[in-house]
> 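There's a structure below that I have some questions on.
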Amino acid sequence: MINFYSKSIKKSTRYIAFVMILITGLTACKTDEETIVPAAFISVFNASPTAATYDVYLNDVKFNTAALPFGGGTAYASKPVGSYNIKLTVADRIESVITKSVSLTENKYYSYYFINRPSNLDGLLINDEVGVASADKASVRFINLSPDAPALDLATSTGTSLATDKSFKQYSGFTQVAPGATVLLIKDKVSGATKSTLESFTFVAGGYYTVIARGLVTPTTSLESSFSGQVLIHK
């Protein structure tokens, strides 16, 4: 009887220990789940038509790893949802040349564009409505970020219209296009004249792309960038 009782106690003790370990593990998993912070995703792009390079700060935390020249940007980065001050500084300095407020919503993707001449810098936040990637199409949109450009259209060299009548800071939704090499034309809405040609850019099925009009139609100094087009890949 003594030996049986002793063995029973040992078995019970081992069973209780096992249950406690299991409960502790489940509690730890639950705690991990409860501490997941809702996140949004944001990228930043420098479309200010100047030779200057810039750094970007979100709530005084540096966002970029390398200074952003004209036409330079970052990939998406995950950030907790909420409101942020987004600050632009001349590279390697901390004094703000422009500070704006942005609000980021859970599971949303955003692109923030710094735009206009240095004397009139501004920012443009766009919700990138990137959904489930298409298996056989690419998705393309157009934004006019040229301060002195007229209303612009975007089309392919084969005559397919992708966006029409976009003035400064206006943008289209994403349009699906066939993958492959495509010549893109940015045109004056009124005259139909081609303002910029993007030669044989290759779209990949499932990819999301933004075509921007950037720079100045009429630069006033050698430090200002001339008008051109650029294709951005969302990643």
Side-chain angles (χ1 to χ4, degrees), residues 29-48 54-68 70-89 94 96-116 120-135 137-147 152 154 162-177 203-214 230-235:
C29 291
K30 185 177 180 181
T31 300
D32 289 343
E33 291 175 356
E34 290 176 347
T35 56
I36 292 175
V37 178
F41 304 86
I42 185 170
S43 64
V44 177
F45 184 83
N46 176 20
S48 178
Y54 295 101
D55 289 328
V56 180
Y57 292 80
L58 266 65
N59 285 354
D60 293 322
V61 177
K62 192 174 180 181
F63 184 76
N64 56 301
T65 56
L68 302 181
F70 172 64
T74 70
Y76 286 120
S78 174
K79 291 293 179 182
V81 300
S83 297
Y84 290 84
N85 287 326
I86 184 166
K87 178 176 73 172
L88 189 70
T89 74
I94 61 172
S96 172
V97 292
I98 179 176
T99 299
K100 295 284 188 174
S101 296
V102 296
S103 294
L104 306 182
T105 301
E106 185 176 2
N107 293 330
K108 298 292 187 181
Y109 286 77
Y110 300 90
S111 292
Y112 196 90
Y113 300 91
F114 286 102
I115 57 177
N116 222 328
N120 197 27
L121 272 172
D122 201 358
L124 178 65
L125 180 71
I126 298 178
N127 179 2
D128 299 334
E129 296 180 349
V130 292
V132 177
S134 169
K137 298 287 186 181
S139 298
V140 184
R141 73 177 176 192
F142 176 62
I143 310 176
N144 183 353
L145 298 180
S146 172
L152 299 170
L154 177 68
L162 300 177
T164 61
D165 198 17
K166 301 305 175 191
S167 299
F168 180 47
K169 297 193 287 188
Q170 292 184 333
Y171 54 94
S172 70
F174 283 103
T175 298
Q176 291 192 332
V177 298
F203 292 113
V204 176
Y208 280 84
Y209 304 87
T210 292
V211 180
I212 65 168
R214 62 179 199 170
Q230 183 176 353
V231 182
L232 310 180
I233 304 173
H234 292 266
K235 57 183 180 178

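Remember, it's a predicted structure, so these values are computed and weren't measured experimentally. Along the sequence shown, residues are numbered consecutively beginning with 1.
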> How long is the span from the CD1 atom in Ile86 to the CD1 atom in Ile42, to the nearest 0.5 Å?
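These two atoms lie 4.5 Å from each other.
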> Not counting sequence neighbours, which residues clear side chain to side chain contact (heavy atoms under 4.5 Å, CB included) with Ser139? List them please.
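With sequence neighbours excluded, Ser139 shows a side chain to side chain contact (heavy atoms under 4.5 Å, CB included) to Phe174, Gln176, Tyr208, given in chain and number order.
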> Parallel, tilted or perpendicular: which one describes the rings of Tyr109 and Phe41, with boundaries at 30° and 60°?
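Plane angle under 30°, so parallel.
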> Locate the shortest heavy-atom distance separating Ala138 from Phe203; write the atom from each residue and the value.
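Closest approach of Ala138 to Phe203: CB-CB, 3.8 Å.
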> Any idea which heavy atoms bring Asp55 and Ala67 closest together, and the distance?
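Nearest pair, atom of Asp55 first, then Ala67: OD1-CA, 3.6 Å.
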> Ring pair (Phe, Tyr, Trp, His ring centres under 6.0 Å) with Tyr54: which residues, sequence neighbours excluded?
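Tyr54 satisfies ring pair (Phe, Tyr, Trp, His ring centres under 6.0 Å) with no other residue.
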> Taking the side chain as everything from C-beta on, heavy atoms only, tell me whether Leu124 gets closer than 4.5 Å to Phe168.
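Side-chain contact under 4.5 Å: no.
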> Could you pull out the closest heavy-atom pair between Leu121 and Ser48, with the gap in Å?
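Nearest heavy atoms, Leu121 then Ser48: CD2-OG, 3.5 Å.
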> Mind listing the side-chain donor-acceptor pairs of residues 70-82 below 3.5 Å, one per line with the distance, residues two or more places apart or on another chain?
unit_1: Thr74; atom_1: OG1; unit_2: Val44; atom_2: N; d: 3.1
unit_1: Tyr76; atom_1: OH; unit_2: Asp128; atom_2: OD2; d: 2.7
unit_1: Tyr76; atom_1: OH; unit_2: His234; atom_2: ND1; d: 2.9

> Give me the atom names and distance for the closest heavy-atom approach of Ala135 to Ala205.
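That would be O-CB, 3.7 Å.
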> If the condition is ring pair (Phe, Tyr, Trp, His ring centres under 6.0 Å), which residues does Phe142 pass it with, not counting sequence neighbours?
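Applying ring pair (Phe, Tyr, Trp, His ring centres under 6.0 Å) to Phe142 gives none.
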> State the OH-OH distance between Tyr84 and Tyr112, to the nearest 0.5 angstrom.
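OH of Tyr112 is found 15.0 Å from OH of Tyr84.
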> Tell me the closest heavy-atom pair linking Gly123 and Ile115, and the distance in Å.
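It is N-CG1, 4.3 Å.
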> Using the test side chain to side chain contact (heavy atoms under 4.5 Å, CB included), find all partners of Ser96 that sit at least two apart in sequence or belong to another chain.
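Per chain and number, Ser96 pairs via side chain to side chain contact (heavy atoms under 4.5 Å, CB included) with Lys87, Thr99.
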> Look only at the side chain of Asn64 and the backbone of Val56, and say whether a donor-acceptor pair between them is shorter than 3.5 Å.
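Side chain of Asn64 to backbone of Val56: a pair is present.
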> Which pairs count as salt bridge (Lys or Arg N to Asp or Glu O under 4.0 Å) when at least one residue sits in residues 96-106, sequence neighbours excluded?
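Every pair satisfying salt bridge (Lys or Arg N to Asp or Glu O under 4.0 Å) with a residue in residues 96-106: Lys100-Asp122.
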> Report yes if the side chains of Ile212 and Phe45 come closer than 4.5 Å at any heavy-atom pair, otherwise no.
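They are in side-chain contact.
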> Where is the tightest heavy-atom contact between Tyr110 and Asn127, given as atom of each residue plus distance?
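Scanning both residues completely, I find the closest heavy atoms to be CD2-CA, 3.9 Å.
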> How many angstroms lie between atom CG of Leu232 and atom OG of Ser43, to the nearest 0.5 angstrom?
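Going from CG on Leu232 over to OG on Ser43, the span is 8.5 Å.
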> Quick check: does any side chain N or O of Tyr171 sit under 3.5 Å from a backbone N or O of Leu145, one acting as donor and the other as acceptor?
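Side chain of Tyr171 to backbone of Leu145, a donor-acceptor pair under 3.5 Å: no, none is there.
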> Can you tell me if Arg141 and Ser172 form a side-chain donor-acceptor pair at under 3.5 Å?
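No pair is found: no donor N or O on one side chain lies under 3.5 Å from an acceptor on the other.
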> OG1 of Thr164 to CG of Leu152: how many Å apart, nearest 0.5 Å?
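Taking OG1 in Thr164 and CG in Leu152, the distance rounds to 11.0 Å.
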> Rounded to the nearest 0.5 Å, what separation is found between the CG atom of Asn46 and the CZ atom of Arg214?
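Those atoms lie 10.0 Å apart.
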> Measure from the side-chain N and O atoms of Asn144 to the backbone N and O of Lys169, and report whether any donor-acceptor pair falls under 3.5 Å.
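Pair absent, no side-chain N/O of Asn144 close to backbone of Lys169.
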